[in-house]
Amino acid sequence: MSNDTGFPTLLDELKWRGFFEQCTDEDALAGLLDEETVTGYIGFDPTADSLHIGSLLPIMGLVHLQRHGHRPIAIVGGATAMVGDPTGRTELRRMLTLEQIEENLAGIKAQLAHYIRFGDGPRDGLMLNNADWMKDYGYLAFLRDFGSHFSVNQMLARDSVKTRMEHGLSFIEFNYMILQAYDFMVLNRDFGCRLQMGGSDQWGNICSGIDLTRRVTRDEVYGLTFPLMMTAAGTKMGKSASGAVWLSAERTPVYDFYQYWINVDDRDVSRFLRLYTLMPRERIEELERLEGADVREAKRELARAVTTLLHGAEATEAAEKAAAALFAGAADASTVPSSERPAADLAGEGLALLDALVDCGLFQSKGEARRMVRQQAVRVNGEVVGDELRLLTAADVRDGRIALQVGKKKHHHLLVG
RNA sequence: GGGGGGGUUCCCGAGCGGUCAAAGGGAACAGACUGUAAAUCUGUCGGCAGACGCCUUCGGAGGUUCGAAUCCUCCCCCCCCCA
């Protein structure tokens, strides 16, 4: 397969970039990828109308697949979401209705469209909902058709099952493997799909799918897994001050998204450049040579590249400018999170700073806001405020706004009108 | 169905009649340091209140006590062993 990626083959690129954890029959897969347009898929979770950063890795996996001339399929687990996943022993994952799933699916597809070219061409991506082939399948019919193909012995031997045995495993969860295996088989049968990719925790499920497909369609299919992504600090990807980092600009403003990447641990920069950008190898290797404070240069490139991929050049530039302005101490910050505040609120005695801080979402409770003020963490128009009883008045308005700041990185502007 | 062990604040995990908003650790947030990094040190970490203090939390519902996360009853859920 010819390509303009700068890498001879898909597997070469995946390996160099750090996507390659393990793979079934690598030689055969390499040969297949070399010979023909291969259809490969990854499953996504439709429990929200937006994906978050954790899904970026598989998304990029599909991107590379497509860039190397193959056909990506993103499959959304509508069927599994309908059932709900009781994995965590404390709370059930919400069971979603078909309508909710449809909505979520639309939102997710729009996001994936930033990365993958969907369409009808031979190499255009597809987005499918497994509820389409699952929801009307009766239990008895399914059992009769496929039950004999699954070996309980084998399923119990899977690591994914074994590790759960200690903490308990419900039948529904046990069945996920079967549902996912069935997905792979259907995709192979109906779409000629021959590759499933996923996180390393999916290995067992992927293998089950390969086994089932072999038995049903007699086709040889392959699996490839990505390493489990952790930050250098040992935490899960995508957690930030305000919770998960989402791909949706409504949930995570572009500015915050950009800042997430600017703030990554030095030790993660190299890996992230390789995994989450499409930057050419030479450029990445250049950036990797930077040391000390110069690493920030690499982070800027990282943040710009990742943000541009998702939100486009224009929004990225705006975020960059806002960040530069804020951290240089300057005032222009049109893209800083802001909220409206009627001038009347500031009249008379004024508006309690603590209330303003909570109302605009900087803090969740007045107690928290109070503590932060006491710790000298809050600034109004750049000036540290130590008085928790501080009132905001018209005198605090500069250019139609009051600039609130928490710590070094959190900003919010009250637009007084 | 029987026997045993459990469900504690974001997570792990102590507490087992008052001194418990609940040890300790982790995560998180802030301050100092710095490079919008890491490491380190310090502080904070249920809600309301300027403060005294008040209120809500220890699976759920009742009860015993002046007083319960701690004791009793019933219920729900999880794990282990036996059937």
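Here is the naming used below: chain letters follow the sequence lines, and residue numbers restart at 1 for every chain.
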Integer angstrom distance from the [atom1] of [N] to that of [M]:
{"N": "B:U36", "M": "B:G31", "atom1": "C1'", "value": "16 Å"}
{"N": "B:A14", "M": "B:A23", "atom1": "C1'", "value": "6 Å"}
{"N": "B:G25", "M": "B:C78", "atom1": "C1'", "value": "24 Å"}
{"N": "B:G5", "M": "B:U44", "atom1": "P", "value": "40 Å"}
{"N": "B:A69", "M": "B:G17", "atom1": "C1'", "value": "11 Å"}
{"N": "B:U9", "M": "B:G59", "atom1": "P", "value": "8 Å"}
{"N": "B:C75", "M": "B:C48", "atom1": "C1'", "value": "34 Å"}
{"N": "B:A39", "M": "B:A30", "atom1": "P", "value": "15 Å"}

I need the [atom1]-[atom2] distance between [X] and [N], as an integer number of Å.
{"X": "A:Asn263", "N": "B:U34", "atom1": "CG", "atom2": "P", "result": "18 Å"}
{"X": "A:Glu291", "N": "B:A38", "atom1": "CD", "atom2": "C1'", "result": "15 Å"}
{"X": "A:Met372", "N": "B:C45", "atom1": "CE", "atom2": "P", "result": "9 Å"}
{"X": "A:Leu362", "N": "B:C29", "atom1": "CG", "atom2": "P", "result": "14 Å"}
{"X": "A:Leu290", "N": "B:A37", "atom1": "CG", "atom2": "P", "result": "17 Å"}
{"X": "A:Phe363", "N": "B:C45", "atom1": "CZ", "atom2": "P", "result": "14 Å"}
{"X": "A:Gln364", "N": "B:G47", "atom1": "CD", "atom2": "P", "result": "9 Å"}
{"X": "A:Asp266", "N": "B:G35", "atom1": "CG", "atom2": "C1'", "result": "8 Å"}

Applying the Watson-Crick and G-U wobble criteria at under 3.5 Å, what pairs with [N]? Answer none if nothing qualifies.
{"N": "B:G1", "answer": "B:C82"}
{"N": "B:G24", "answer": "B:C12"}
{"N": "B:G43", "answer": "B:C29"}

Candidate nucleotides [options], ranked by approach to the side chain of [X] - the nearest:
{"X": "A:Lys409", "options": "B:G35, B:U36, B:A38", "result": "B:U36"}
{"X": "A:Arg371", "options": "B:U44, B:A37, B:A30", "result": "B:U44"}
{"X": "A:Ala323", "options": "B:G47, B:C29, B:U36", "result": "B:U36"}
{"X": "A:Val406", "options": "B:A30, B:U36, B:G35", "result": "B:A30"}

For this session: Test A:Met127 against every option in A:Ile116, A:Ile73, A:Ile75, A:Ile108 by the side-chain contact (heavy atoms from CB on, under 4.5 Å) rule and name the one that passes.
Result: A:Ile108

Problem set entry | Identified side-chain contact (heavy atoms from CB on, under 4.5 Å) counterpart of A:Leu247 within the set A:His52, A:Gln111, A:His114 | A:Gln111

Problem set entry | Heavy-atom donor-acceptor pair, A:Gln375 side-chain to B:G31 base, under 3.5 Å | no

Exercise. Could one point to a donor on the side chain of A:Asp294 or the base of B:G35 with an acceptor on the other under 3.5 Å away?
Worked result: no

For this session: Return the orientation label for the A:Phe272 and A:Tyr276 ring planes: parallel under 30°, perpendicular over 60°, tilted otherwise.
Result: perpendicular

Problem set entry | Least distance between heavy atoms, A:Asn188 atom then A:Val221 atom | ND2-CG1, 3.4 Å

Does a side-chain N or O of [X] approach OP1 or OP2 of [N] to a distance below 4.0 Å, or not?
{"X": "A:Arg296", "N": "B:U36", "answer": "yes"}
{"X": "A:Lys366", "N": "B:G47", "answer": "no"}
{"X": "A:Ser365", "N": "B:G46", "answer": "no"}
{"X": "A:Arg390", "N": "B:G50", "answer": "no"}
{"X": "A:Lys408", "N": "B:C33", "answer": "no"}

Exercise. Can you find a pair of side-chain heavy atoms, one from A:Leu62 and one from A:Met197, that are under 4.5 Å apart?
Worked result: yes

For this session: On RNA chain B, check which nucleotide each of A:Val295 and A:Arg379 is closest to and give me the residue with the more 5' one.
Result: A:Arg379

Problem set entry | Closest-nucleotide 5' rank along RNA chain B - winner of A:Gln376 and A:Glu368 | A:Gln376

Seminar exercise, completed: Sorted by chain and residue number, the ring pair (Phe, Tyr, Trp, His ring centres under 6.0 Å) partners of A:His311 (sequence neighbours excluded) come out as A:Phe257

For this session: Could you tell me whether a side-chain N or O of A:Arg296 sits under 3.5 Å from a main-chain N or O of A:Ala293, the two making a donor and an acceptor?
Result: yes

With a 4.0 Å cut-off on heavy atoms, is [X] in touch with a base, just the backbone sugar-phosphate, or nothing at all?
{"X": "A:Ile262", "result": "base"}
{"X": "A:Val264", "result": "sugar-phosphate"}
{"X": "A:Ala293", "result": "base"}

Exercise. Who passes side chain to side chain contact (heavy atoms under 4.5 Å, CB included) against A:Leu14, sequence neighbours left out?
Worked result: A:Leu10, A:Leu11, A:Phe19, A:His64, A:Leu224

Under 3.5 Å, which N/O atoms of the protein pair with N/O atoms of nucleotides 51-54 of chain B?
from, atom 1, to, atom 2, distance (Å)
B:A51, OP1, A:Arg374, NH2, 2.7

Problem set entry | Candidate pair A:Val397 and A:Leu346, rule side-chain contact (heavy atoms from CB on, under 4.5 Å), full reasoning | CA-CA 10 Å; A:Val397 180; A:Leu346 302 178; 3.7 Å; yes

Problem set entry | Nearest-0.5 Å distance, NE2 of residue A:His412 to CG of residue A:Leu362 | 7.0 Å

